[in-house]
Every structure is written in structure tokens, then in C-alpha cells.
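First the structure, in the form of C-alpha cells, and then the observations on it.
None of the values given here were measured: they were computed from a predicted structure. So that the names make sense, note that chain A is the first sequence line, chain B the second, and so on, each numbered from 1. All heavy atoms count here, side chains included; hydrogens, waters and symmetry mates do not.
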Amino acid sequence: MIQVTAQTLGRHIGQEAILEGWVHRVRAMGNFAFLLVRDARGVVQTVLEDPRLVEGLNLESAVRVTGRVVGEPRSASGAELHVTSIEVLSPALEPPPFDLNKKVLEVKLDAILDHRSLSLRHPKERAVFRIEGELVDCFRSYLRGKGFIEIFTSKIVAAGTEGGANLFPIEYMGTRAYLAQSPQFYKQMMIGVFGRVFEVGHVYRAEPHYTSRHINEYLSLDLEMGFIDSEQDVMRMEMGFLATLMGRLQETCAEEIALLGARIPAPQAELPQITLAEAKEVLRQRFGKELSEEDDLDPESERLLCQHSAERLGSEFLFVTRYPISVRPMYAMPDREHPGATRSFDLLFRGMEVTTGGQRIHEHAMLVASIQSRGLDPEDFAFYLEPFKHGMPPHGGLAIGTERLTSKLLDLENIRQAALFPRDIKRLTP
RNA sequence: GGGGUCGUGGUGUAGCGGUUAACAUGCUAGCCUGUCACGCUGGAGACCGCGGGUUCGAUUCCCGUCGACCCCGCCA
């Protein structure tokens with residue numbers, strides 16, 4: 001007796017098989033019945049000659065079904081399981097709060113999130129996370145292939161990386177600590193050890209956002225690389241990753257992509273880039289939108305620039321570079337050739353900022369001066385500054401917002417749909 | 001933090017100053033031998049978010065409150 005899944009069923013025609021999963025739907029036809037069993041990745045149609053086998057069988061019960069795999073042209077998948085016995089491993093005690101076996105889960109986001117463990121059973125809901133998992137796995141494998149070491153830094157920290165009040169304070173052994181808003185300092189410090197590092201981990205922002213693109217805990221894909229010539233090296237690394245990712249998703253997640261109707265961009269070796277000043281010129285000339293010199297891009301501008309990029313520059317991605325010192329954190333490397341600017345960039349995708357990165361300051365004296373220029377005390381950053389006195393190479397890095405990238409890739413309306421159990425201003429459970 | 005829209009059976013919606021509060025789906029009883037959004041005939045299920053006000057009468061109008069979603073500020 002072999003074990004089959006929705007994926008492997010068609011390869012076992014003529015064999016006796018076991019199928020395990022959940023009761024997705026029952027269609028009783030009179031003298032026989034169809035039982036649709038959903039497993040980890042698909043739905044299998046099984047046929048029961050004796051409809052009494054499904055009596056008392058509730059939707060979502062966990063079952064083990066035994067039978068013979070039969071090639072069947074009348075079945076949409078070409079193969080089905082002719083059942084001889086059904087074992088209920090764990091019965092559903094009550095109906096699910098919404099219809100999990102409809103093509104689309106027509107439920108408000110709030111109810112979807114309130115019953116997250118059940119809404120995720122819907123094929124379209126869970127497809128998001130298979131793709132997101134693949135995305136993260138690709139990030140890891142791509143960077144390992146480029147000589148990066150995966151690190152795991154503490155999420156309990158003594159102070160923030162960028163000052164500010166957007167930190168979650170926590171009680172720590174009688175003193176005050178915070179949840180990390182970024183692994184920034186640690187990944188930079190590890191440049192002096194490994195040269196190239198990356199981290200996949202949650203970060204925490206205590207900002208009281210109330211938008212469709214912010215959550216207070218998100219998965220940050222961070223990388224930091226040493227011995228670079230400029231921020232362009234970091235951008236090239238991201239381009240390489242994204243090109244690899246797009247190709248790989250098409251290979252490994254074709255079913256999920258089709259199910260969601262997602263448009264995955266074609267892999268591109270090179271992505272367009274414009275400076276912030278050029279971006280503002282585009283907004284002015286093409287869209288009649290005026291932004292002052294010190295303004296950062298607002299959400300509408302990000303959408304317009306992405307429209308511009310898709311229509312005129314041949315990509316749904318767009319790097320925006322050369323942000324002014326005033327809007328970047330103290331560790332951002334000033335651009336000597338363009339006074340007042342930093343060697344930094346954002347990556348926009350389908351109207352949203354999905355990455356921030358840049359070259360960092362690696363000279364101790366410059367870093368101390370930068371800290372002081374922000375009214376901060378270098379003494380408070382002693383642990384961070386130490387390696388900078390001991391041969392810190394030129395380096396840079398970036399951070400990708402996983403849920404943002406996923407939600408844009410899949411055209412999700414709200415970032416929460418790309419978070420398994422999202423944490424926002426109001427939601428702490430489930 | 002500011003602005004907007006919205007709270008009606010489990011879910012998703014309709015509706016109206018006086019209704020047996022409607023429809024779909026789900027649940028349930030029964031019928032049906034190839035469905036794949038199966039179909040058909042019945043049944044149960046809603047004090048219309050909560051509090052107050054206007055009114056002979058409020059689910060409907062007004063105020064407050066709580067909650068949700070969207071936009072903005074800021075960010076990934």
C-alpha cells in the first residue's frame with residue numbers, strides 16, 4: 001500500500017493507495033458519492049460506490065482514505081481514488097465559520113484574521129505562504145551561493161539603531177530593554193568577522209500605523225556585504241537575487257501562482273535606477289506633481305514612479321538613489337561626488353517601497369562625527385563602534401520587507417494577507 | 001495622530017420611518033448513478049454592534065461609543 005497526495009496521485013494509476021487529508025467537500029449523488037479530500041497542497045476527488053460511507057462525515061474532519069487509484073477521463077484531474085474505506089482520524093466538531101471549499105474565500109479581512117488557523121486552510125490563502133516560504137528559502141540559498149553566512153542576532157536590545165520613539169520597550173531583569181527595530185548594528189559588526197552576512201528575522205516597529213502596508217512585526221530579509229566599491233555592488237546583489245527568485249517561483253510555485261492569478265515579473269538581469277532628484281523631475285514633468293527638495297516620496301509618488309518605470313523603463317521595479325543625508329540614518333555613507341546626498345537607495349515595486357539599502361560609513365572618525373551631528377552621544381554606541389577601530393572594510397547592505405514583497409508579487413490588497421499571524425495597532429491575537 | 005466609508009442569521013450581501021427583515025452560501029431532513037460552484041423539495045437559524053435621543057412607532061433619522069476597512073503622515 002502506498003501513500004499518495006494530490007501531487008502524486010496521477011503517477012499511481014492502478015495501485016492501492018492511502019490518502020490523508022481533510023474533508024473538503026462531499027457531493028452525494030444518490031447511489032454514490034464524491035468525496036473531495038484536501039491535503040497539504042491540493043484537492044483529490046475520490047469516488048464512493050456506497051454513499052453511506054460519507055454519512056455523518058463533517059467538512060474539515062481529518063481523514064485517512066484507502067482505495068484504488070483509477071484513471072478517469074470524466075474527472076477534471078484525470079485520476080481519482082475509488083474508496084474502499086474511510087477512517088476519521090479526528091472529526092470536525094462544528095462547521096467552519098466560513099466556506100473553505102469555495103473558489104474564493106469571500107470573507108472580510110477581519111474575520112479571516114480572527115479565524116486565521118482556519119482561513120489558512122483555504123487553498124488560496126495558504127498558497128500565499130507557500131510562495132512566501134519559497135521566497136525566503138531563495139533568499140537564503142542565493143546568498144549562501146554568494147559566500148554569505150547566515151547570522152542570528154538578538155531581538156532584545158538596549159537601544160534602537162536609529163533613535164526615535166518607535167521602539168517597543170520591554171521589562172528586562174529590572175531594567176529597560178527594547179525589541180529590535182532592525183539588526184543593523186549587528187550585521188555591520190559581523191562584516192568585520194565574515195565579510196558577508198545575512199539574516200532572516202522579525203523586526204519590531206512601535207509606530208501606530210493604520211494602513212494596508214504596515215504591520216508592527218515584520219520579517220526582514222537583511223544582508224550586509226564588505227569590500228564593496230559602492231552601493232551599486234549591493235544593488236547588483238539584490239538584482240541577482242530578484243532575477244533568481246522570479247525564475248524559481250515560476251518553477252516551484254506554478255500551481256500557487258496560477259491559483260492566485262498572480263503576475264510574476266520576468267527575470268531581469270538589470271533593473272532601472274534613477275536618483276531622487278530625477279524622480280522628482282519625472283513627477284513634475286510627466287505627472288504635474290511638485291515635491292520640494294527636502295520632501296521624501298509619498299505613497300502616491302511611489303505609485304506614479306512605478307507606473308513610469310513600467311511604461312518607460314521596462315520594469316515594474318525601480319531603484320531610487322542618492323537620498324539626502326537628512327532623511328537617512330547616521331550610518332549612511334555620504335556621497336563625496338554629490339554633497340548633501342548619501343550612497344543609498346530604495347527599491348520600489350508596483351508602487352511600494354520594498355527595500356532600503358546603501359553603503360555605510362566604515363571610517364571610525366566619520367561615523368563618530370555623524371553620530372554627533374545628530375545630537376547623539378558616541379558613548380552610547382561604544383559596542384557598535386568598536387570594530388570600526390579595527391579595520392572595518394567598506395561595506396553596505398539592505399533590508400527587504402518580506403510581507404511587502406510577497407503582497408506586491410501576488411497583488412494582495414493588504415499586507416496582513418502576507419503575514420501568517422499579523423501584529424498591528426489593534427491586533428495581538430491570534 | 002488627521003480624514004473618509006461601513007457595522008443586518010455562521011459567512012457574504014440586499015432592504016426599509018410601520019415588512020412574516022430579503023438573497024446567496026453554510027447547517028439540517030429527504031430525493032437524485034458522473035458531479036467538479038452538482039441539482040431538486042422542505043426546515044432551522046438575526047432581539048438589524050452597543051448606549052441614548054427624535055417619533056404614536058427606529059434595523060431605518062440624529063448624537064455618542066466601540067469595532068472594522070481605506071486614504072494621509074512615517075516606514076520595510
Side-chain angles (χ1 to χ4, degrees), chain A residues 24-36 43-51 55-56 58-60 70 72-78 80 82 92 94-115 118-119 122 162 164-166 181-184 201-222 238 295-303 323 327-329 345-349 352-357 398-408 413-419 424-427:
Chain A
H24 188 64
R25 182 189 286 280
V26 176
R27 276 194 281 268
M29 305 301 293
N31 286 337
F32 77 110
F34 295 108
L35 165 65
L36 275 61
V43 176
V44 175
Q45 173 161 287
T46 73
V47 183
L48 294 81
E49 298 291 343
D50 183 356
E55 273 175 24
N58 294 331
L59 293 182
E60 298 304 318
V70 178
E72 175 54 80
R74 286 176 297 183
S75 168
S77 69
E80 57 193 20
H82 283 220
E94 54 189 64
F98 30 63
D99 304 338
L100 293 171
N101 52 18
K102 294 284 181 282
K103 282 217 164 101
V104 179
L105 187 60
E106 281 186 3
V107 180
K108 288 177 179 170
L109 183 59
D110 199 34
I112 287 178
L113 297 178
D114 281 345
H115 305 278
L118 297 177
S119 60
H122 190 278
E162 310 178 12
N166 57 348
Q181 66 187 161
S182 157
Q184 184 64 33
H202 278 118
V203 295
Y204 302 86
R205 304 282 166 98
E207 287 144 17
H209 292 127
Y210 208 61
T211 77
S212 58
R213 63 185 189 287
H214 289 95
I215 43 182
N216 294 295
E217 174 188 59
Y218 70 89
L219 191 66
S220 184
L221 302 180
D222 275 271
E238 181 162 32
D295 280 339
D296 203 346
L297 300 174
D298 56 36
E300 185 192 28
S301 297
E302 291 176 348
R303 286 192 288 272
Y323 281 81
V327 303
R328 289 300 200 181
F345 62 88
D346 278 5
L347 179 63
L348 307 183
F349 175 50
M352 196 187 291
E353 185 180 327
V354 295
T355 292
T356 290
L398 57 79
I400 299 171
T402 311
E403 295 88 349
R404 280 194 175 183
L405 181 55
T406 302
S407 64
K408 281 291 143 185
E413 286 178 355
N414 192 306
I415 193 171
R416 279 154 251 238
Q417 292 170 277
D424 64 33
I425 188 167
K426 295 279 186 181
R427 185 175 291 278

Task: Dot-bracket summary - RNA chain B, pairs being Watson-Crick or G-U whose distances fall under 3.5 Å, with | when paired to another strand - done: (((((((..((((....[...)))).(((((.......))))).....(((((..]....))))))))))))....
- [ ] Using the six-membered ring for Trp and the full ring for Phe, Tyr or His, decide whether A:Phe34 stacks on the six-membered base ring of B:U35 (centres under 5.5 Å, planes under 30°).
- [x] yes
- [ ] Would you confirm whether A:Asp99, through its side chain, and A:Asn101, through its main-chain N or O, come within 3.5 Å as a donor-acceptor pair?
- [x] no
Open item on the list: Determine whether a donor-acceptor pair (N or O, by modelled atom type, separation under 3.5 Å) exists between the side chain of A:Arg404 and the backbone of A:Glu353.
Closed with: yes
Open item on the list: Tell me whether the rings of A:His214 and A:His209 are parallel (<30°), tilted (30 to 60°) or perpendicular (>60°).
Closed with: parallel
Open item on the list: Just the rounded figure in Å: distance from C1' of B:A76 to CG of A:Leu398.
Closed with: 11 Å
Open item on the list: Just the rounded figure in Å: distance from C1' of B:U25 to CG of A:Leu59.
Closed with: 12 Å
- [ ] Please determine if a side-chain N or O atom of A:Lys426 lies less than 4.0 Å away from the OP1 or OP2 oxygen of B:G67.
- [x] yes
Open item on the list: For a quick test of reading the model: is some side-chain N or O of A:Lys408 closer than 4.0 Å to OP1 or OP2 of B:A76?
Closed with: no
Open item on the list: Going by side chain to side chain contact (heavy atoms under 4.5 Å, CB included), A:Thr402 matches just one of A:Ile400, A:Thr406, A:Leu405. Which one?
Closed with: A:Thr406
Open item on the list: Between A:Arg328 and A:Asp346 (salt bridge meaning N to carboxylate O under 4.0 Å), is one present in this structure?
Closed with: yes
TODO: Identify the two heavy atoms, one from A:Leu100 and one from A:Ser119, that lie closest to each other, and give their separation to 0.1 Å.
DONE: CD2-CA, 4.3 Å
Task: Contact pattern, 5' to 3', of nucleotides 36-44 of chain B - B, S or - by protein heavy atom under 4.0 Å - done: BSB------
Open item on the list: I'd like to know if A:Glu207 reaches the base of B:G1 with its side chain such that a donor and an acceptor end up less than 3.5 angstrom apart.
Closed with: no
- [ ] Could you check A:Asn31 against A:Leu109 and say which one's nearest nucleotide on RNA chain B is further toward the 5' end?
- [x] A:Asn31
TODO: Could you check which of B:C72, B:G12, B:G34 has an atom nearest any side-chain atom of A:Arg303?
DONE: B:C72
